[in-house]
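Numbers restart at 1 for each chain; the letters A, B, ... are given by sequence-line order, proteins then strands.
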Amino acid sequence: MSVIKGIKGVKDLLPEETPRWRFIEESARRWATRYGFHELRIPIFEVTTLFARSIGASTDIVEKEMYTFQDRDGTSLTLRPEGTAGTVRAYIEHNRGAIPVPQKYFYTGPMFRHERPQAGRLRQFHQFGVESYGMADPHADIEVIALLWRILNNLGLPSLTLEINNLGQTADRDAYRPILIAYLKEHETGLCGNCKHRIAANPLRVLDCKVPECRTITEPAPRLSDFLSDNARSYFAHVLAGLEAIKIPYTLNHRLVRGLDYYNLTTFEVTATNLGAQNAVGAGGRYDGLVETLGGASTPAVGFAVGLERIAMLLPDSHKSIVATDATVYVAGFGLKGSVAGLTALEELRVSGISAVSDFRSTTLKAHLRQADRLRCQFALLLGDDEVAKGVAVLRNMESKAQHNVLLSALSLQVKPLLSPS
RNA sequence: GUGGGUGUAGCUCAGUUGGUUAGAGCGCCGGAUUGUGGAUCCGGAGGUCGCGGGUUCGAAACCCGUCAUCCACCCCA
């Protein structure tokens, strides 16, 4: 019989890892809530056209990375590759724009992209993201960036850099693009093969190429910042001034271009070293046109998403085992009467609020104590036939080896005070 | 989709120019200790050498294929 294995790029999170993940998720939740964001739970699959329309039909995600399948009636459905599209869809569908207070949401959960797995990249991966609707004000951008920075910084992640850029409005980019293309074509021979391709496919991406030759060529290239409207310019200036006012350190990066079609104006990314080639921990930006694109009323919006796997990779050891565990009692019931009494003792302790475990395979006291040790229980409750005959049990402190008799008739009552550290 | 690295015990890894019965450390089980864990000592179990072909008197090793995994490109969180 062949063994069925997990899918490529889809990982199990084993119990050794889940406390760190809970720590990360709870920390992000707490910060988002503190910033006035509310949790939104959206489905992990949607109609395919939602993603095609929002992310951009010619992006890699839509062209070759989506998990798409047919519903029974033939409708094309897709496992979500990101969270913004579904959030916007829900925002429109439930007419949240009619609510007279800004709608600020956060979400977390799995995303799916069919890519070759590598360090920091999986086919099922997890994101935490926020979206802020209705405020065409630099303060909304600042708030979102501040939240992103606070979450990551508070987790103690090392060597973070916040990079920020101004993409301008669509019209600004439309004016700039042909100028850039003309420049790139002039210098095409010196560019790497990928960039030669990019000139036609996505010229702005050439600016973000890692190949040194490409970077030297694009260094004196015309810059988008010279083609921005006064509005775009002053908007961005306000964002930067706000970040300075609240002491969020940023680096301007005129090469920073986001991959998804819907971004405009402010765009940002937090990167870290020691992450391998995929060094972006989180990224986001403003996407004022998206709600309208998806059939809603024109609505300004800004948001970000962070990659939970990447955060987990960066999380320092000091933050990994922070989960404080209550004292746990190992119940060692052995012998004919002892093992029966052990079962009732286990249940009584648990019902009274005490964490209690046992290994039912162990039949001797020695085996029980060995398991108590391995399970790192601070206490063991010894319960053999002799104890049962006397109506008592022995509570042993595993570290100090001190032992106390407790009455079975008042078990939890007598055990409880002995558990608290003296 | 493209390129490269790695697949030997539960884990981390040795394994000579191809040569008898494939090893170590850690872990696991048992005993020393018949009702008291960890430490020590002694003993023991555990392997389709990823899989399938091929070369050879002989393959864990060489060749071909294949799968898995990791890393990088592309792209992205």
Side-chain angles (χ1 to χ4, degrees), chain A residues 2-3 5-9 11 28 55-56 58-66 80-84 108-129 148 152 192-195 197-198 201-202 205 208-211 256-260 268-272 275-285 303-314 330 332-335 338 359 361-388 394-403:
Chain A
S2 62
V3 179
K5 306 193 36 184
I7 298 164
K8 182 200 288 287
K11 291 236 176 138
I55 298 167
S58 63
T59 57
D60 274 21
I61 293 178
V62 173
E63 273 187 349
K64 49 191 192 192
E65 295 177 0
M66 295 203 303
R80 64 182 184 192
E82 52 101 56
T84 299
T108 186
M111 308 293 167
F112 306 85
R113 293 182 198 173
H114 188 103
E115 302 183 273
R116 280 283 274 273
Q118 73 182 73
R121 171 194 293 164
L122 295 171
R123 290 189 174 175
Q124 174 174 334
F125 61 104
H126 299 79
Q127 288 189 336
F128 175 92
L148 169 62
L152 299 177
C192 71
N194 278 325
C195 282
H197 235 251
R198 284 172 176 141
N202 190 351
R205 271 262 151 222
D208 209 14
C209 185
K210 290 167 196 159
V211 178
L256 180 65
V257 183
R258 308 268 57 250
L260 284 51
F268 51 89
E269 184 169 293
V270 175
T271 57
L275 252 191
Q278 311 304 321
N279 64 348
V281 186
F304 72 74
V306 292
L308 264 32
E309 279 81 4
R310 294 181 185 179
I311 292 178
M313 280 194 281
L314 291 170
Y330 183 97
F334 57 103
D359 181 344
R361 296 170 306 182
S362 302
T363 53
T364 63
L365 179 57
K366 183 192 179 93
H368 272 308
L369 283 170
R370 185 163 53 224
Q371 294 308 79
D373 192 43
R374 285 176 173 149
L375 289 164
R376 298 183 206 291
C377 293
Q378 296 88 330
F379 296 91
L381 188 74
L382 317 185
L383 201 42
D385 290 350
D386 296 355
E387 284 78 13
V388 174
V394 179
L395 186 74
R396 173 182 177 83
N397 181 316
M398 291 297 286
E399 205 203 342
S400 71
K401 301 184 182 181
Q403 299 194 158

Over how many whole Å does the gap from A:R116 atom CZ to B:G5 atom C1' extend? 13 Å
In Å, rounded to the nearest 0.5 Å, how long is the span from CG of A:L383 to CG of A:L395? 11.5 Å
Separation of A:R113 CZ from A:M66 CE (nearest 0.5 Å): 11.0 Å
Is_stacked (A:F334, B:G35) at 5.5 Å, 30 deg: no
Looking for any heavy atom pair under 4.0 Å, which part of the strands does A:R370 touch: base, sugar-phosphate only, or nothing? sugar-phosphate
Please check the phosphate of B:C76 (OP1 and OP2 only) for any side-chain N or O of A:R205 closer than 4.0 Å. yes
5'-most by nearest nucleotide on RNA chain B - A:H114 or A:G276: A:H114
Check the orientation of A:F268 and A:F304. Use parallel for under 30°, tilted for 30 to 60°, and perpendicular for over 60°. perpendicular
Scanning all shown strands, the Watson-Crick or wobble mate of B:C57 with both distances under 3.5 Å is B:G19
Closest to side chain of A:Q127, choosing from B:G37, B:A77, B:G35: B:A77
Would you indicate what A:E63 reaches in the nucleic acid, counting non-hydrogen atoms under 4.0 angstrom: base, sugar-phosphate, or nothing? nothing
Is A:A277 touching bases, backbone alone, or none of the nucleic acid, heavy atoms closer than 4.0 Å? sugar-phosphate
In this structure, how many angstroms lie between the C1' atom of B:U2 and the CG atom of A:D60, rounded? 14 Å
Can you check the distance between B:A77 and B:G3, where both ends of the measurement are the P atom (answer in whole Å)? 27 Å
Taking any strand in view, what nucleotide pairs with B:G43 in a Watson-Crick or G-U wobble way, both distances under 3.5 Å? B:C29
A:K8 side-chain N/O to B:U69 phosphate OP1/OP2 under 4.0 Å: yes
Report the distance from atom CD1 of A:I7 to atom CZ of A:F112, rounding to the nearest 0.5 Å. 9.5 Å
Using purine N1 to pyrimidine N3 plus N6-O4 or O6-N4 for Watson-Crick, or N1-O2 and O6-N3 for G-U wobble, both under 3.5 Å, which nucleotide pairs with B:C74? none
Between B:G38 and A:E399, counting only base atoms on the nucleotide and side-chain atoms on the residue, is there a donor-acceptor pair under 3.5 Å? no
When you measure from the side-chain N and O atoms of A:R121 to the phosphate of B:C74, is any distance below 4.0 Å, counting only OP1 and OP2? no
Would you mind pulling out the nucleotide paired to B:G7, Watson-Crick or G-U wobble, both distances under 3.5 Å? B:C67
Counting just side-chain N and O atoms, does A:K366 come under 4.0 Å of either OP1 or OP2 of B:A32? no
Given that both distances must come in under 3.5 Å, which nucleotide forms a Watson-Crick or G-U wobble pair with B:G37? none
A:D208 bridged to A:R205 by N-O distance under 4.0 Å: yes
Heavy-atom nearest nucleotide on RNA chain B taken for A:V306 and for A:C377; more 5' hit belongs to A:C377
Does A:Q118 have a side-chain nitrogen or oxygen under 4.0 Å from the phosphate oxygens OP1 or OP2 of B:A72? yes
Any base atoms under 4.0 Å from A:I311, or only sugar-phosphate, or nothing? Heavy atoms, all strands. nothing
By the 4.0 Å heavy-atom rule, please label A:R374 as base, sugar-phosphate, or nothing. sugar-phosphate
Can you check whether A:D359's main-chain N or O pairs, donor with acceptor, with A:Y330's side chain at less than 3.5 Å? yes
Give me the distance, rounded to whole Å, that separates B:U12 from B:U20 when you measure between the C1' atoms they each carry. 29 Å
Atom of A:R80, atom of A:T108 and distance for their closest heavy-atom approach: NH2-O, 4.3 Å
Can you tell me the distance, in whole Å, between the OH atom of A:Y330 and the C1' atom of B:U36? 13 Å
Euclidean distance, atom NE2 of residue A:H197 to atom C1' of B:U2 [Å, nearest integer]: 13 Å
Rounding to the closest angstrom, what is the interatomic distance between B:C76 and B:U55 at atom C1'? 46 Å
Determine the contact category for A:Q371: base if any of its heavy atoms lies under 4.0 Å from a base atom, sugar-phosphate if only primed atoms, P, OP1 or OP2 are that close, otherwise nothing. nothing
Whole angstrom is fine here: how far is it from CG in A:N194 over to C1' in B:G3? 13 Å
Who does B:U12 pair with, Watson-Crick or G-U, both distances under 3.5 Å? B:A24
Whole Å only: how far is the CG atom of A:D386 from the C1' atom of B:U36? 13 Å
Rounded to whole angstroms, how far apart are CZ on A:R123 and C1' on B:G1? 11 Å
